[in-house]
Amino acid sequence: MLELAALGLLQREPLHGYKLKQELELFVSSCISVNYGAIYPLLKRLEERGYILGERMERGETGISRKIYQITEKGRDRWREKMLELPKESWVNSRSRFGIKFFFFSDLRPEERQKLIDKRLIACRLRLKEFEDKSIPGDPYRANIWKRHLWLLRSEIDWLEDVRSQEGES
């Protein structure tokens, strides 16, 4: 997921590692955790695979040299591939992945967005059915978290249906 998010941000503008981490924290921190221990090894891997190019640049009056990264055409292809893939993964990861993808929806074609929204709606409805088919736990705290989970699922379904209808209007 971090690769997808990093490539998506670099697709918008060249960034150095520190600025990339700040942007990731600002825009996708509700979906993934971001730390320096992951950013710089990721940038190195992406550069080795030809998805990004890094160039040392002098910055401002301080003379601090930073490596500025920009996405390559191969990186853009990789980003699109990651955006459109639908991996089998845990519920928590699939929710986070969709949140990251949604952040970059404006970079997709309408039919690609529609497909991702429809797949997420199906997953949410199936998950909701699983919970509705089971009885609420007797323990008051477990029952409370159960109800909260049902509320979150219904809320996400409502939101996705609203987004889908807006997609149809555009």
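Heavy atoms only: backbone and side chains are in, while hydrogens, waters and symmetry mates are out.
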I'd like to know if [X] and [Y] make a salt bridge, using a cut-off of under 4.0 Å between side-chain N and carboxylate O.
| X | Y | value |
| --- | --- | --- |
| E23 | R12 | no |
| K82 | E85 | yes |
| E161 | R125 | yes |

Handout entry: Under the side chain to side chain contact (heavy atoms under 4.5 Å, CB included) test, residues paired with E111 that sit two or more places apart
Key = R109
Problem - All side chain to side chain contact (heavy atoms under 4.5 Å, CB included) counterparts of A143, not counting sequence neighbours - result: I136
Handout entry: L126: hydrophobic cluster co-members (side-chain, 4.5 Å)
Key = I122
Fill in the blank from the handout: The remaining residues in the hydrophobic cluster of L53, counting side-chain heavy-atom contacts under 4.5 Å among Ile, Leu, Val, Met, Phe, Trp and Tyr, are none
Between [atom1] on residue [X] and [atom2] on residue [Y], distance to nearest 0.5 Å:
| X | Y | atom1 | atom2 | result |
| --- | --- | --- | --- | --- |
| L128 | I157 | CG | CD1 | 4.5 Å |
| M83 | Q11 | CE | CD | 9.0 Å |
| L150 | S155 | CG | OG | 12.0 Å |
| L86 | K119 | CG | NZ | 6.0 Å |
| E3 | I52 | CD | CD1 | 10.0 Å |
| L42 | L2 | CG | CG | 5.0 Å |

For the residue pair [X] and [Y], what are the closest heavy atoms and their distance?
| X | Y | result |
| --- | --- | --- |
| F131 | L153 | CD1-CD1, 4.4 Å |
| A5 | I100 | CB-CG2, 4.0 Å |
| L43 | G17 | CD1-CA, 3.8 Å |
| P87 | R97 | CG-NE, 3.6 Å |
| T72 | G50 | OG1-O, 2.6 Å |

Exercise for the section: Quick one: do F105 and K101 satisfy side chain to side chain contact (heavy atoms under 4.5 Å, CB included)? Show the steps, please. Expected result: CA-CA 6 Å; F105 260 30; K101 287 180 178 185; 4.3 Å; yes
Exercise for the section: Examine H16 together with Y69 and report whether their ring centres are nearer than 6.0 Å. Expected result: no
Practice task
Could you tell me if the ring centre of W159 sits under 6.0 Å from that of F102?
Solution key: yes
In terms of hydrophobic clustering (I, L, V, M, F, W, Y; side-chain heavy atoms under 4.5 Å; direct or indirect links), are [X] and [Y] co-clustered?
| X | Y | answer |
| --- | --- | --- |
| V92 | W146 | no |
| Y40 | L7 | yes |
| I145 | W151 | no |
| M1 | W91 | yes |

Any side-chain heavy atom of [X] sitting closer than 4.5 Å to one from [Y]?
| X | Y | value |
| --- | --- | --- |
| E55 | Q70 | no |
| L24 | I39 | yes |
| L116 | L108 | yes |
| H149 | R127 | yes |
| I68 | L15 | no |

Problem - Other residues, nucleotides, ligands: >12 heavy atoms within 6.0 Å of R142 CZ - result: no
Exercise for the section: Take R80 and E112 through the test side chain to side chain contact (heavy atoms under 4.5 Å, CB included) and record every step on the way to the result. Expected result: CA-CA 10 Å; R80 180 166 297 283; E112 294 169 331; 2.7 Å; yes
Practice task
Could you please spell out the steps behind the salt bridge (Lys or Arg N to Asp or Glu O under 4.0 Å) verdict for K67 and E47?
Solution key: CA-CA 12 Å; K67 198 170 190 180; E47 191 172 21; 3.0 Å; yes
Fill in the blank from the handout: By salt bridge (charged side-chain N to carboxylate O under 4.0 Å, His left out), E156 pairs with (sequence neighbours left out) R95, R120
Problem - Worked check of side chain to side chain contact (heavy atoms under 4.5 Å, CB included) between F103 and L4 - result: CA-CA 11 Å; F103 182 78; L4 171 66; over 6 Å; no
Completion exercise
The complete set of salt bridge (Lys or Arg N to Asp or Glu O under 4.0 Å) pairs with one or both residues in residues 131-141, sequence neighbours excluded, reads K129-D133, E132-R154
Problem - Check against side chain to side chain contact (heavy atoms under 4.5 Å, CB included), F104 and W79 - result: CA-CA 10 Å; F104 297 109; W79 173 84; 3.6 Å; yes
Problem - Between Y18 and Q22, a side-chain donor and acceptor under 3.5 Å - result: yes
